[in-house]
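To start, the structure itself, in structure tokens.
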Number of protein chains: 2
Amino acid sequence: MYIYIRTLGMSTSQLYRGSLTTIILKLLEENGEMYGYEITQRVKELTQGDLNIKEGALYPSLHKMEAAGHLTVTAKKVDNRVRKYYDITPAGKEETVNRLAELDEFLANMQRIINPKLSF
Amino acid sequence: MYIYIRTLGMSTSQLYRGSLTTIILKLLEENGEMYGYEITQRVKELTQGDLNIKEGALYPSLHKMEAAGHLTVTAKKVDNRVRKYYDITPAGKEETVNRLAELDEFLANMQRIINPKLSF
DNA sequence: TTTGGTTACTTAAGAATCTTATGTATATTT
DNA sequence: AAATATACATAAGATTCTTAAGTAACCAAA
């Protein structure tokens with residue numbers, strides 16, 4: 001008989017809503033082309049298991065970003081299995097700048113609300 | 001003929017999704033009882049007009065938090081108009097601690113992804 | 001005085017983003 | 001042989017939000 005204890009931050013948090021696109025863009029800008037599964041694993045590493053991106057969120061997001069012209073996709077066969085590598089386009093780089101600026105504003109605003117004693 | 005230019009950060013950003021409950025709890029913990037409209041104005045001030053909480057999001061949120069036992073409500077008549085003042089309960093204070101811890105984790109994780117060169 | 005703007009709350013309909021669940025298919029480990 | 005991991009896809013449902021419409025009172029300006 002096993003009892004599972006969910007440690008704090010196991011990504012039940014709704015705070016990550018809206019941040020997936022920004023995360024994907026930043027990773028691709030940083031690392032060059034990546035495939036979907038690789039993105040989920042990288043994020044898991046970076047957040048020490050805290051944030052587990054679900055396939056049901058990831059793949060539709062990638063498709064949408066490709067449709068928007070922010071990413072290109074190239075299928076490659078590795079070990080007799082297909083991987084779809086995504087790379088960022090010039091428009092995607094512009095979008096990245098905007099998204100990161102939005103994120104900065106968001107973080108600053110949350111600080112202003114949560115920590116109103118500090119000035120910015 | 002008027003042309004409206006939306007300045008950067010006019011809260012079109014999806015990043016605020018999931019943060020409303022945390023914001024309300026923190027404000028009530030900080031300031032004591034507040035009424036709905038007051039909360040929207042305080043947030044607008046704190047974020048310099050950047051974040052405008054919509055009534056359609058605010059009021060259902062307040063009702064839900066009250067139903068969860070995190071807030072109490074008291075109707076008061078001011079200038080022949082009804083205001084509903086919300087105050088935080090002991091359970092609400094516990095919830096506030098948890099929500100703020102979640103927010104800290106979220107902010108730290110976003111930093112790890114967006115700024116992987118820094119160590120935490 | 002009546003029109004428009006502000007204050008103050010409510011709620012329904014629809015949009016956006018996500019989780020859960022299911023499916024396909026191959027590789028690797030037990 | 002069975003379970004786990006890799007790798008992608010997508011439909012159904014949940015959650016949280018925006019938009020919109022309604023009620024009601026106050027106040028300033030035309």
Side-chain angles (χ1 to χ4, degrees), chain A residues 6 10-25 33-45 49-68 71 73-86 99 102-103 106 109, chain B residues 6 10-25 33-45 49-68 71 73-86 99 102-103 106 109:
Chain A
R6 187 162 59 68
M10 230 289 255
S11 170
T12 305
S13 171
Q14 303 278 11
L15 290 170
Y16 295 92
R17 264 170 197 278
S19 64
L20 182 55
T21 303
T22 308
I23 291 172
I24 293 171
L25 285 170
E33 64 171 16
M34 299 178 77
Y35 58 99
Y37 187 76
E38 188 183 8
I39 292 174
T40 67
Q41 300 308 303
R42 183 69 55 86
V43 169
K44 199 184 285 183
E45 279 172 34
D50 212 36
L51 176 50
N52 292 292
I53 297 177
K54 310 296 187 299
E55 312 98 302
L58 176 71
Y59 293 114
S61 253
L62 288 171
H63 301 161
K64 194 178 172 188
M65 293 165 81
E66 193 210 339
L71 304 182
V73 62
T74 313
K76 297 184 185 179
K77 213 161 194 175
V78 180
D79 290 329
N80 201 33
R81 251 184 319 198
V82 174
R83 285 181 185 166
K84 295 199 172 172
Y85 282 88
Y86 289 89
R99 291 280 185 162
E102 264 185 21
L103 180 59
F106 168 70
N109 281 329
Chain B
R6 188 163 56 70
M10 231 287 255
S11 169
T12 305
S13 172
Q14 303 278 8
L15 289 171
Y16 295 92
R17 265 171 197 277
S19 64
L20 181 56
T21 303
T22 307
I23 291 172
I24 293 172
L25 286 170
E33 65 170 17
M34 299 178 77
Y35 58 98
Y37 188 75
E38 189 184 9
I39 292 173
T40 67
Q41 300 308 301
R42 183 68 54 87
V43 169
K44 199 183 285 185
E45 280 172 36
D50 212 34
L51 176 51
N52 293 290
I53 297 177
K54 310 297 188 301
E55 311 99 304
L58 176 71
Y59 293 112
S61 253
L62 288 171
H63 302 161
K64 193 179 171 186
M65 293 165 82
E66 193 210 340
L71 304 181
V73 63
T74 312
K76 297 184 184 177
K77 213 161 194 175
V78 180
D79 290 329
N80 200 34
R81 251 184 319 198
V82 174
R83 284 183 188 166
K84 296 200 172 170
Y85 281 87
Y86 289 89
R99 291 280 186 164
E102 263 185 20
L103 180 59
F106 169 69
N109 280 329

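Rounded to whole angstrom, the span from the CG atom of B:L58 across to the P atom of D:dA20 amounts to 19 Å. Distance, B:L15 CG to D:dT16 P: 17 Å, rounded to whole Å. B:N80 has its CG atom 5 Å from the P atom of D:dC26, to the nearest Å. Atom pair A:R42:CZ and D:dA7:C1' shows a separation of 16 Å (rounding to whole Å applied). Going from atom NZ of B:K77 over to atom P of C:dA8 covers 14 Å, rounded to whole Å. Computed from coordinates, the A:L51 CG to C:dC18 P distance equals 10 Å when rounded to whole Å. With rounding to whole Å, B:R83 atom CZ is found 17 Å from C:dT6 atom P. Atom CD in B:E38 sits roughly 15 Å away from atom C1' in C:dC9 (whole-Å rounding).
Considering CD of A:E45 and OG1 of A:T40, their distance stands at 10.0 Å, rounded to 0.5 Å. Note that CD of B:E102 is 10.0 Å distant from OG1 of B:T21, once rounded to the nearest 0.5 Å. To the nearest 0.5 Å, the span separating NZ on A:K44 from CG on A:N52 amounts to 4.5 Å. To the nearest 0.5 Å, the span separating CD1 on B:I39 from CE on B:M34 amounts to 5.5 Å. To the nearest 0.5 Å, atoms OH (B:Y86) and CG (B:L71) are separated by 8.0 Å.
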List every contact pair, protein side and nucleotides 2-5 of chain D side both N or O, where the distance is under 3.5 Å.
none

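Residue A:K54 places at least one side-chain N or O closer than 4.0 Å to OP1 or OP2 of C:dT19. For A:Y35 and D:dA7, the shortest distance from a side-chain N or O to OP1 or OP2 is below 4.0 Å.
Every side-chain contact (heavy atoms from CB on, under 4.5 Å) that A:S19 has, sequence neighbours left out, goes to A:Y16, A:I23, B:L15, B:F106, B:M110.
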Expected string for nucleotides 10-17 of chain C under the B/S/- scheme (protein heavy atoms, under 4.0 Å, primed atoms plus P, OP1, OP2 as sugar-phosphate) is BB----BB
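Positionally, the nearest nucleotide of DNA chain C for B:V78 lies more toward the 5' end than for the other of A:I53 and B:V78.
Here the shortest heavy-atom pairing between B:L20 and B:S61 reads CD2-OG, 3.6 Å.
Between A:E33 and A:K76 there is a salt bridge, with a side-chain nitrogen of the basic residue lying less than 4.0 Å from a carboxylate oxygen of the acidic one.
Between A:I24 and A:L58 there is a side-chain heavy-atom pair separated by less than 4.5 Å.
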